[in-house]
Amino acid sequence: MMRQGLAAVAALAAMVVGANAQTPVERGSYLVNTIGTCQNCHTPAGPGGPVLDRAFSGGPQVWDTPMFTARGANITQDRETAIGAWSILELKKALIEGVRPNGVPIAPIMPTSYYGVLTERDRDAIAAYLKTVKAVRNEVPSPTYKTAIVREIPPGGDKQMTDAELTDPVKKGFYLATFGHCMECHTPRGATGQSDFSRLGAGGEEFQGPWGVSVSRNITSHQTKGIGAWTDAQIKAAITDGVRPDGTKLKPPMGFGSYKRMTDADLTAVVAWLRTVPAKE
Ligand code: HEC
Ligand code: HEC
């Protein structure tokens, strides 16, 4: 009994030290390269997948919507073709408010309206990590804005969270899933093209790419239409490996490879929160 108790205390102490031992840059790297899936949109893709020696130097896709035409920007530290000249404060403002240092708003395909939840510590960590990204010179064609830029804030997305809240697994799951903008892809859009948050998680958005067309699925807690009847392990396998319970493979653009590098505790938290998403048909 006693020995077990001590072992548990020692394990807990190691975990706490582990969490503290993570430097801001390591934490920022974790957030950017796992749940944040930033490379999905900001790293060029070759025949073999992402071109990692040119990581973050500009994404492969072009988004052409009634509001804008934009490409994943070069977010390396190159000072001329990227954001190397931006200060930490300017970076944080761009990430959270969606506004560049020159005052020009960023097209909302860049999910800044989902980043308002980020704790101050994580905002600093992401900015600190971005400051370490190797400069790569690459002039990405400028965006065109066809109408005023309108951001859509998901439920709770504009309320900054605290470190203390992240000790609650469901709140931590909400935090990670919001920063990871799961619901940006998994919520249907209404006639105006804006997400219909009254149907949060019901799926139905179409994505075209080299994979053909994929349609986001219902990830609410609905027992038959959603994932309410799946086990935790089945939900995790879908997120990290793109495999459904019946063994079929999910198509892109969901960033399975990035999610696969999340800690199991973080995945468990995301699943715990998904189970609280109200069932929708
Ligand atoms: C769904 C795709 C997508 C994801 C995911 C994404 N971005 Fe972006 N991001 C874009 C696009 C597209 C632009 C350019 C928008 C424009 O030109 O108006 C952009 C612009 C930016 C800018 C402004 C660059 C500039 O020169 O103006 C920064 C900084 C940035 N992203 C950082 C990030 C970080 C950090 C992450 C992850 C935490 C991330 N992005 C995730 C698509 C994405
Ligand atoms: C860039 C868009 C995008 C993002 C971001 C995204 N997904 Fe998905 N997701 C999809 C699409 C599209 C599918 C369906 C693919 C298919 O059917 O081949 C899918 C499928 C799933 C499935 C399988 C459901 C089923 O019934 O098979 C789960 C579970 C899931 N996503 C959870 C998540 C979670 C949790 C997050 C955030 C951590 C997330 N997704 C982020 C686009 C996205």
Side-chain angles (χ1 to χ4, degrees), residues 28 31-43 56 58-59 61-63 67-76 78 81-86 90-95 98-102 104-112 114-115 118 122-123 126-127 129-130 133 140-145 149 173 176-187 201 203-207 209 211-220 222 225-227 230 234-240 242-246 248-256 258-259 262 266-267 270-271 273-274 277:
L31 290 169
V32 162
N33 294 307
T34 66
I35 182 78
T37 61
C38 312
Q39 296 216 39
N40 232 11
C41 299
H42 285 287
T43 292
F56 300 107
Q61 291 150 274
V62 183
W63 285 274
M67 198 189 288
F68 56 82
T69 303
R71 294 168 176 78
N74 181 342
I75 58 168
T76 70
D78 187 58
T81 63
I83 60 173
W86 296 14
E90 286 171 336
L91 262 173
K92 284 168 69 177
K93 186 175 158 83
L95 290 174
V99 179
R100 299 179 170 97
N102 65 5
V104 177
I106 300 170
I109 181 69
M110 162 69 196
T112 55
Y114 288 71
Y115 295 170
L118 286 172
D122 282 347
R123 294 176 186 195
I126 292 171
Y129 170 67
L130 290 177
V133 169
V140 173
S142 299
T144 322
Y145 302 126
I149 293 293
L176 293 167
T178 301
F179 171 60
H181 64 284
C182 311
M183 293 309 184
E184 206 255 332
C185 290
H186 281 279
T187 300
E205 191 176 344
E206 277 190 13
F207 299 88
W211 56 86
V213 179
S214 59
V215 181
S216 68
R217 303 201 186 218
N218 186 328
I219 57 167
T220 72
H222 195 287
K225 301 278 169 29
I227 57 174
W230 297 20
Q234 287 172 331
I235 299 176
K236 288 181 186 176
I239 296 173
T240 60
V243 177
R244 311 186 74 223
D246 64 7
T248 52
K249 283 288 273 178
L250 294 163
K251 290 185 199 161
M254 195 173 142
F256 312 107
S258 302
Y259 299 140
M262 285 169 72
D266 280 357
L267 278 168
V270 168
V271 171
W273 177 69
L274 284 173
V277 174

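Start at 1 and go down the list; that is how both ligands and their atoms are numbered.
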Report the nearest protein non-hydrogen atom to [atom]: residue, atom name, distance rounded to 0.1 Å.
{"atom": "atom 14 (C) of ligand 1", "value": "R71 O, 3.4 Å"}
{"atom": "atom 24 (C) of ligand 1", "value": "A73 CB, 3.6 Å"}
{"atom": "atom 32 (C) of ligand 2", "value": "M254 CE, 3.7 Å"}
{"atom": "atom 12 (C) of ligand 1", "value": "I109 CG2, 3.4 Å"}
{"atom": "atom 33 (C) of ligand 1", "value": "M110 CE, 3.3 Å"}
{"atom": "atom 22 (C) of ligand 1", "value": "I75 CG2, 3.9 Å"}
{"atom": "atom 36 (C) of ligand 1", "value": "C38 SG, 2.7 Å"}
{"atom": "atom 26 (O) of ligand 1", "value": "I83 CG2, 3.6 Å"}
{"atom": "atom 19 (C) of ligand 1", "value": "H42 CE1, 3.4 Å"}

Considering the heavy atoms of [X], write down every atom of ligand 2 situated less than 4.0 Å from one of them.
{"X": "H181", "result": "5 (C)"}
{"X": "Y259", "result": "5 (C), 37 (C), 38 (C), 41 (C)"}
{"X": "K251", "result": "15 (C), 16 (C), 18 (O)"}

For ligand 2, does [X] get within less than 4.0 Å through its side chain, its backbone, both, or neither, judged by non-hydrogen atoms?
{"X": "I219", "result": "side chain"}
{"X": "H186", "result": "side chain"}
{"X": "Y114", "result": "neither"}
{"X": "R244", "result": "side chain"}
{"X": "I239", "result": "side chain"}

Considering only heavy atoms, which of G242, G203, C185 lies nearest to atom 3 (C) of ligand 2?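 The option holding the nearest heavy atom is C185.
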Tell me which one of C182, P245, G180, C41 gets a heavy atom nearest to atom 38 (C) of ligand 2.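 The option holding the nearest heavy atom is C182.
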Looking at ligand 1, does F68 have a heavy atom less than 4.0 Å from it?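 Outside the 4.0 Å threshold, so no.
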Out of curiosity, [X] [atom1] to [Y] [atom2], how far, rounded to the nearest 0.5 Å?
{"X": "I35", "Y": "L176", "atom1": "CD1", "atom2": "CG", "answer": "5.5 Å"}
{"X": "I227", "Y": "H222", "atom1": "CD1", "atom2": "NE2", "answer": "13.0 Å"}
{"X": "C41", "Y": "W63", "atom1": "SG", "atom2": "CH2", "answer": "4.0 Å"}

Counting backbone and side-chain atoms alike, does T112 have an N/O/S atom under 2.8 Å from atom 8 (Fe) of ligand 1?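 No, T112 does not qualify, because none of its backbone or side-chain N, O or S atoms lies under 2.8 Å.
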What do you reckon, does [X] have a nitrogen or oxygen under 3.5 Å from a nitrogen or oxygen of ligand 1?
{"X": "R100", "result": "yes"}
{"X": "A70", "result": "no"}
{"X": "N74", "result": "no"}

Kindly assign one of parallel, tilted or perpendicular to the pair H181 and Y114, based on the angle between their ring planes and the thresholds 30° and 60°.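 It falls in the perpendicular class, over 60°.
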[X] heavy atom under 4.0 Å from ligand 2:
{"X": "V215", "answer": "yes"}
{"X": "P253", "answer": "yes"}
{"X": "I235", "answer": "no"}

Among V133, I83, L91, whose side-chain contact (heavy atoms from CB on, under 4.5 Å) with I75 holds?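 Result: among V133, I83, L91, I83 is the only option passing the side-chain contact (heavy atoms from CB on, under 4.5 Å) with I75.
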Report whether any nitrogen, oxygen or sulfur of S216 sits less than 2.8 Å from atom 8 (Fe) of ligand 2 (N, O or S, backbone or side chain).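 Checking atom 8 (Fe) of ligand 2 against S216, no N, O or S atom falls under 2.8 Å.
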Does an N or O from R217, backbone or side chain, lie closer than 3.5 Å to an N or O of ligand 2?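 Yes - when backbone and side-chain N and O of R217 are compared with those of ligand 2, one distance drops under 3.5 Å.
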